[in-house]
Amino acid sequence: MRPLKLEGRYDYIIVGAGTAGCVLANRLSAEPGTRVLVIEAGGSDNYHWVHVPVGYLYCIGNPRTDWMMKTDAEPGLNGRAIAYPRGRILGGCTSINGMIYMRGQANDYDHWRQLGNTGWGWDDVLPYFLKSEDHHGGGGQLHGSGGEWKVSRQRLKWDVLRAVQEGAQEFGVMPRGDFNDGDNEGSGFFEVNQRRGIRWNASKAFLRPALKRPNLRLVKQAHVEAVILRGRKAMGIRFVRDGRLHEAFADREVLLAAGAVNSPGLMEHSGIGRPDVLRGLGIEVAHESPGVGENLQDHLQIRTAFKVTGAKTLNTMLAGPLGKVRVALQYALTRNGPLSMAPSQFGMFTRSDPSKATPDLEYHVQPLSTDKLGDPLHPFPAITVSVCNLRPQSLGSVHVQSRDTYRQPAIRPNYLSTQDDRRVAVESVRQARRIMTAKALQRYRPQEFLPGPQYQSDEEVLEQVGNIATTIFHPVGTCRMGGDDKAVVGADLRVHGIDGLRVIDASIMPRIVSGNTASPVVMIAEKAADMIRAG
């Protein structure tokens with residue numbers, strides 16, 4: 001098939017209109033003389049389940065909005081292969097995620113700087129968080145006002161979650177007014193990326209306003225096959241749309257913003273990566289970069305669940321046709337009620353061990369329960385107390401497994417492969433159980449049913465963790481930033497050894513942040529846009 005050249009030339013080509021790509025498209029096209037092309041594999045985000053917050057249940061696992069990826073069989077999960085949701089739609093994962101606004105801890109970014117990434121400490125990145133933010137409480141030293149990235153309070157309250165907060169206080173987990181001041185230890189109700197009860201994704205925030213500019217072009221439903229290289233210079237991209245092969249060329253730079261799974265995969269299909277991986281698939285090595293696809297880190301979610309008595313939960317509110325009609329009408333008339341809720345309402349940041357310098361556990365507490373995401377809610381009142389290790393030591397990988405660019409990469413998170421991660425997993429279940437014994441919760445008579453009170457020894461608990469744990473959708477690190485031989489990009493996010501190519505998404509994180517990852521990616525793209533414009 002002879003490739004067709006996409007008409008005209010561009011200064012920048014952005015691969016992916018997800019979280020980072022939407023920010024880049026807005027910032028780079030703000031200069032009228034700069035020509036920007038954005039290529040997105042998915043379609044429009046004009047889909048009702050994107051906008052209704054509870055619609056994440058119908059977007060994850062939906063080929064209209066999700067890449068529908070799965071991991072390989074994971075030894076640490078007792079041989080299970082699990083779903084690995086990734087947004088395949090304008091807005092990327094911000095169109096299907098839990099909407100939680102979370103920056104992480106100041107120490108996360110200071111650690112990035114200590115690893116040799118100058119300009120990425122907390123004091124360096126905080127201005128970029130503020131730049132985008134439109135916080136419900138207004139601006140100040142720690143929050144921004146008037147930006148594109150809206151941060152709201154949640155619109156409904158749950159007495160049983162207030163009781164969890166009171167109960168956690170009995171064990172030293174104190175209420176916290178702000179999770180985003182650099183120290184998130186404590187408990188509180190998550191702030192969310194919503195506007196008046198409607199999801200606020202990166203497409204609405206950044207891309208749609210910019211598409212009014214004549215110098216920005218968006219091409220949807222286009223499958224990028226490779227970066228076009230001329231020696232060690234990135235010239236453009238090759239992609240397929242409507243069955244036809246196209247080429248587009250960038251006079252300045254190609255910017256990969258395809259995420260922690262697809263960005264390294266695209267580099268490997270372009271001949272950039274580990275020689276053994278590429279040669280084993282018959283891909284010619286254009287540039288040796290042994291860190292491409294390595295260093296995969298993710299937050300493993302362990303879902304404990306408890307039946308409760310006398311509590312309002314989503315399980316009971318949505319029971320039967322009348323319940324569903326009632327909450328649908330409430331949302332239609334007021335943009336309030338259960339349909340406006342983020343999947344996780346209440347959170348806690350604690351330590352698995354007193355020796356930890358900062359919290360290493362994050363709890364997502366939900367007034368609902370189900371066997372797994374997307375399954376029907378249980379017919380009895382219950383809450384879910386999910387907990388994840390914020391700083392896993394287990395490292396995995398993402399690598400292409402065929403020359404066929406439509407075949408998903410092999411995703412091997414390598415969960416629970418270190419003794420420390422296994423210890424933290426067991427302790428986190430025990431800690432969740434202890435909190436649920438608090439006096440403040442006894443009026444609800446919580447009864448554990450997941451994993452189940454019959455599992456008590458370390459070995460039994462770890463076995464059950466392997467049966468029930470799953471991703472909380474935070475993969476990072478597969479094109480990590482640094483100056484050593486295994487780093488893929490430098491602190492300026494330029495790919496080592498290749499001119500005219502940068503990676504700008506969660507894959508550049510050298511270490512995973514201590515919290516949810518969407519807003520850190522917005523920050524990364526904001527900072528990258530400034531670096532790109534500076535030359």
Specify whether Phe179 and Phe349 have parallel, tilted or perpendicular ring planes, treating 30° as the upper limit for parallel and 60° as the lower limit for perpendicular. perpendicular
Short question: side chain of Ser386, backbone of Arg303 - any donor-acceptor pair under 3.5 Å?
no
Next on the checklist: Between Asp11 and Arg35, does any NZ, NE, NH1 or NH2 come within less than 4.0 Å of an OD or OE carboxylate oxygen?
Outcome noted: yes
Sequence neighbours excluded, the answer for salt bridge (charged side-chain N to carboxylate O under 4.0 Å, His left out) partners of Arg27 is Glu148, Glu526
Worksheet entry | SB check Arg351 Asp360 (cutoff 4.0 Å) | no
**Asked** Do Trp122 and Arg113 have side chains that get closer than 4.5 Å, going by heavy atoms?
**Response** no
Under 3.5 Å donor-acceptor, Thr19 side chain and Ala518 backbone: no
| With a 4.5 Å limit on heavy-atom distance, are the side chains of Asp108 and Ile512 in contact? | no
If you apply the rule side-chain contact (heavy atoms from CB on, under 4.5 Å), what do you find for Asp530 with Lys131, and how did you get there? CA-CA 12 Å; Asp530 268 7; Lys131 180 178 180 179; 3.7 Å; yes
- After noting the C-alpha distance and the side-chain angles of His143 and Phe129, does the key distance pass the ring-ring contact (aromatic ring centres under 6.0 Å, His included) rule? CA-CA 8 Å; His143 288 287; Phe129 281 112; over 10 Å; no
Contacts of Arg230 meeting side-chain contact (heavy atoms from CB on, under 4.5 Å) (sequence neighbours excluded), chain-then-number -> Met235
Lys/Arg N to Asp/Glu carboxylate O, Asp499 vs Lys233, below 4.0 Å = no
_Would the distance check show the side chain of Asn26 and the main-chain N or O of Phe206 forming a donor-acceptor pair, the cut-off being under 3.5 Å?_
yes
Is any side-chain N of the basic residue among Lys356 and Asp353 closer than 4.0 Å to the acidic one's carboxylate O?
-> no
query = Side-chain contact, heavy-atom cut-off 4.5 Å: Ile435 with Val385?
reply = no
Mind checking whether Arg103 and Glu133 have side chains closer than 4.5 Å, heavy atoms only?
yes
Check: With side chains defined as the heavy atoms from C-beta onward, is the minimum distance between Ile532 and Leu255 less than 4.5 Å?
Finding: yes
Rounded to the nearest 0.5 Å, the OG1 atom of Thr94 sits from the NZ atom of Lys204 at a distance of 9.5 Å
* Looking only at atom types and distance, does a side-chain atom of Gln105 sit under 3.5 Å from a main-chain N or O of Pro359, one as donor and one as acceptor? -> yes
- Task: Give a yes or no answer on whether the side chain of His496 reaches the backbone of Asp484 with a donor-acceptor pair at less than 3.5 Å.
- Result: no
Is Arg274 close to Glu294 at the side-chain level, that is, under 4.5 Å between some pair of heavy atoms? yes
ask   = So do Phe189 and Arg153 actually touch side chain to side chain, heavy atoms under 4.5 Å?
value = no
So CD of Glu40 and OG of Ser203: to nearest 0.5 Å the spacing works out to 9.5 Å
- Is the backbone of Ala226 close enough, under 3.5 Å, to the side chain of Ser270 for a donor and an acceptor to pair up by distance? no
(request) List the steps and the verdict of side-chain contact (heavy atoms from CB on, under 4.5 Å) for Val426 and Val465. (result) CA-CA 8 Å; Val426 171; Val465 167; 5.7 Å; no
Between Arg238 and Glu225, is the salt bridge (charged side-chain N to carboxylate O under 4.0 Å, His left out) condition met? List the steps.
CA-CA 6 Å; Arg238 186 170 63 249; Glu225 292 195 328; 3.7 Å; yes
Between the CG atom in Asn107 and the CG atom in Asn184, the distance rounded to the nearest 0.5 Å is 10.0 Å
Exercise. So is Lys527 actually on top of Trp120's ring, under 6.0 Å and inside 45° of the axis?
Worked result: yes
*asked:* Using only atom types and a distance under 3.5 Å, with no angle test, would you say the side chain of Asp298 pairs donor to acceptor with the backbone of His474?
replied: yes
CG (Leu493) and CE (Met531) are apart, to the nearest 0.5 Å, by 4.0 Å
Interatomic distance, OG@Ser519 vs CG@Asn193, rounded to 0.5 Å, equals 5.0 Å
Exercise. Please report the C-alpha distance between Ile524 and Val23 in whole Å, then the side-chain angles of each, then the deciding distance to 0.1 Å, and finally whether the side-chain contact (heavy atoms from CB on, under 4.5 Å) criterion is met.
Key: CA-CA 9 Å; Ile524 288 167; Val23 177; over 6 Å; no
- Query: Any side-chain heavy-atom pair from His399 and Val292 closer than 4.5 angstrom?
  - Reply: no
- prompt: Taking Asp134 for the side chain and Trp149 for the main chain, is one N or O donor matched with an acceptor at less than 3.5 Å?
  reply: no
With Glu362 as partner, the option from Ile472, Val387, Asn516 fulfilling side-chain contact (heavy atoms from CB on, under 4.5 Å) is Asn516
Sub-6.0 Å ring centroid separation between His299 and Phe473: no
dist Asn117:CG -> Arg511:CZ (nearest 0.5 Å) comes out at 13.0 Å
Notebook entry, point to check: Hey, is the main chain of Asn97 close enough, under 3.5 Å, to the side chain of Arg199 for a donor-acceptor pair?
Noted result: yes
- request: Check for a donor-acceptor pair, side chain of Ser263 on one end and backbone N or O of Ala260 on the other, with a separation under 3.5 Å.
  value: no
Salt-bridge test for Asp181 and Arg176: reply yes if a basic N is under 4.0 Å from a carboxylate O, no otherwise.
-> yes
